[in-house]
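The chains referred to below are lettered A, B, ... by the order of the sequence lines, with proteins before strands, and numbering in each begins at 1. Nothing here was measured: the structure is a model prediction, and the numbers come from that model.
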Amino acid sequence: MAASAAVRSAVSLTQRFVRVSPDCSICPLYRLNACTGATDGFTAPSRRLRTSIGVWQSGDSSSPEEEERVVNVVYIDRCGQRIPVQARAGENALHLAHKHGVDLEGACEASLACSTCHVYVSSEHYEKLPEPEEREDDMLDMAPMLQENSRLGCQIVLTPELDGMELTLPKVTRNFYVDGHVPKPH
Amino acid sequence: MSYNKKHVSVTLPGVRGLSSSSGPRVCIVGGGPAGFYTAQQLLKVGDAAVDVYERLPVPFGLVRFGVAPDHPEVKNVINTFTQTAQHERCSFHGNVNVGKDVTIDELRQAYHAVVLSYGAEGNRSMGISGEDLPGVFSAKDFVGWYNGLPSNKELRPDLSCETAVILGQGNVALDVARILLAPVEMLKETDITQNALEALAGSKVRRVLIVGRRGPLQIACTIKELREMVNLPNTRADMLPADFEGIAEALKDLPRPRKRLTELMMKAAKEGGDDKAEKCWGFRFFRSPVEVIAGADGKRATGIRLALNKLEGSGESARAEVTGQLEDVDCGLIISSIGYKSIPIDPAVPFDPRRAIVPNEMGRVQDTAGLYCSGWVKRGPTGVIATTMNDSFDTARVLIQDMEAGKLDLSVNKPGAQAITALLQTRGVRTVLFSHWEKINAEEEKRGKFLGKPREKLLDVDEMLKILGRLLI
C-alpha cells in the first residue's frame, strides 16, 4: 500500500482517506488469504475522491479492463424496494450494502459468528457462487426462513460473472406492517 | 413523587439532546442487545430522542456477561451498539435500577413511550431436593462468574471433583462444558476473569456429562457449539449407543439444520475420539433430575439421581414420560442449565408469572398504552442475538407505527432525561453516562494488556464508581 501512503501524505485529503480506509481484518479475502493487496479491491464512497487521486483505478476512466470489473447488483430490501448498485469485483456483499445504505445488519462484522446478514440469492447466480464453507453453513442453519438459495452476505465476494445478481433481504418479522402501512422514506 | 420544576430547565453536563430535541422522547429500560437494537431502529426513523437506562454502570447485558469468552467475534456487535449510544439523539444512563431508583410510572410521565427490554435475570429452578446444596449452581450464575458479572464474583465453585453433570442441552450448557474442559492456554488469552482462569487452571474436572430429558432429535443446542465440543483438544466424546436407537432412520426426513446437527452428533458418538485423551464429555439423553444426593455429612452434593424417560410422540413436540427407572451418577459439580427467567420489576407493569414474560401483543404491553417490550422479557429467554435483533426491530416498528397513527399523544411536551436525572440526583443515584463507560472500558483494556488479555473486567460496582470519581454528577 506504499502508493496509497504516498498519496495520503501528499494531499490534504488525508482525513477523508483515513475514514474510508479498509479494515482488512474483516474482509473475507484477507481471512481466506486471497487478498492480492491490490488497491482496487476497495472503493472510496466519493467519486470525487477517486478521480482526484491519479494512482487509484478510478471508475471514471473507461479502459476496457476497468469496465469488466464493474459488477451490477440489485438489493431488494425488506419493503420490496429495489436498490441497484454498482460494485467492483472483489467487494463483499455486506460492505457493499452498507455503503449504499441497504438495511443489512452485520452484527459480528463478517466473522461467521452470526446470521444477521442472511440474504436470498437470485437462483441463476446462486449456482455461480463457490460452495459455502462449513462454518457458513453452521451459521445459516440458525437463520430464520432458510431457503435453498440462502447465503450470508458477508461471504459473497463479487466477481464479473455475478453481474446482474439480485440479493433479497428476508422478511423475517412476524408483524411486519401487517396492515399494509407504507413507511415514510428515510 | 413530585420534583421541583425549577430544576427541569437546568442543562446537565453530558446529557445530550435536551432542549434541542423536538421529536418524541422514548425511554428504553435495559442496556443489552434488545435495548440497543430497539434504540437503533427508533433513531433511524423520524426524530425521536432515545434514552437507555441500565442497572449496571456498564452496558451490553448478555453480550458482555453471557457470550462465552472464547467467542469474541460474537461480541463484535458491541461496535454497532456503541455507534447507537453515540448517536446525538441517544443517551445512556447506567447505574440506574428501574423499579427501585425510579418507577415505571415516573418514566411514563417523563417520556412519550417506554420500552421494557430488561431481559431475564432470574433462573428456572429444577425444583428438586438438594438443589441448594454446595456444589450445585445455575448455569446463569456459573456463566456470570467466569464472565465477571458483579453479583457472581463470590461464587467460588469447587472444581476439585472429577465429574461434572450439566442439566440441559442448550447452547449455554455447551458453553459451560466447553469452558470446563478447554485448555487453559487457550482461555488465558480471552477476557475470562482472572479469578475464574485461576480456578480453572487448578480444576480437577475431567469428565462432563450433559443431560437432557428427551432424545437426540430434541436437543436444543446448535451445530456451531457442538462442533466446538467435538474439536476440543485432549478430549474424547463418550455417549451411549442405546440413546441413538432409531435415529439414523429418522435422518432423511429432517429439515437441514436438524439433520446436519444430528449427523454430527452421531459421528461424534460413533467415533468417540482419541483413547489417550485425558478428558471426556458426553450427552446423556432421556434423563431428568429428581434429587441431588448429599455426601455422608449432608453438607455438599456428591451425586445426582436421574429418572429415566421414554419419549411419547416425535419431533419438536415429543414429550418425556417417566418409566419409573432411576440412575445415580457420582459427581461433585452440578450445573442446572434449564433456562433463564424474567422477573417483574415494577408492580405497575402487567406480568405473566406462568410464562414469566410481560404479556403483550406484538410488543405492545397489554392494557397499557405507551408501554412496549422487546427481547427476552417479551418473548421468553431463547434465541441468539439475531433473534433478539429481529424482535427488537419488530417492537420499534410497532412503536413507530403507533406514533405515526396518532395512538400516542405527541403534542404534549415531555421532559425526558432532564426530569429523570434530576429526580435520581435527589435520590442520591449517580448516573453513569456512556462517556463514563468509555473510561471504564479503557481501564479494563489497560489491565487486560498487562495480563495478555483483551480486557480484565472490573468485578465490583463500587470500584467502577470509584474510578469514575468526581466525573459522576
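For the salt bridge (Lys or Arg N to Asp or Glu O under 4.0 Å) with A:D137, the lone residue among B:R227, B:K224, B:R256 that qualifies is B:R256.
Here the CE-OG1 distance, from A:M139 to B:T222, works out to 6.5 Å after rounding to the nearest 0.5 Å. Between atom CD of residue A:E105 and atom OG1 of residue B:T80 there is a gap of 6.5 Å, rounded to the nearest 0.5 Å. In this structure, CG on B:N390 lies 13.5 Å from NZ on A:K171, to the nearest 0.5 angstrom. Taking CG from A:L140 and CD1 from B:I223, the interatomic distance works out to 11.5 Å, rounded to the nearest 0.5 Å.
Around atom NZ of B:K449, no more than 12 heavy atoms belonging to other residues, nucleotides or ligands sit under 6.0 Å away. Other residues, nucleotides and ligands contribute only 12 or fewer heavy atoms inside 6.0 Å of the CD atom of B:Q83.
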Would you check, one step at a time, whether the test side chain to side chain contact (heavy atoms under 4.5 Å, CB included) holds for B:N76 with A:S111? CA-CA 9 Å; B:N76 283 345; A:S111 50; 3.5 Å; yes
Under the side chain to side chain contact (heavy atoms under 4.5 Å, CB included) criterion, do B:M389 and A:T116 qualify, and how do the steps go? CA-CA 8 Å; B:M389 178 190 85; A:T116 58; 3.6 Å; yes
Determine whether A:D141 and B:R258 satisfy the following criterion, salt bridge (charged side-chain N to carboxylate O under 4.0 Å, His left out), listing intermediate values before the conclusion. CA-CA 8 Å; A:D141 279 358; B:R258 180 59 70 186; over 6 Å; no
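Counting heavy-atom pairs closer than 4.5 Å to chain A, the top residue among B:P33, B:P257, B:A405, B:P255 is B:P257.
Residue contact with chain A, scored on non-hydrogen atoms closer than 4.5 Å, involves the backbone and the side chain of B:V74 alike. Neither the backbone nor the side chain of B:F81 has a heavy atom closer than 4.5 Å to any heavy atom of chain A. At a 4.5 Å heavy-atom cutoff, the contact between A:E134 and chain B is made by backbone and side-chain atoms alike.
The shortest non-hydrogen separation linking B:E73 to A:C108 is O-CB, 3.5 Å.
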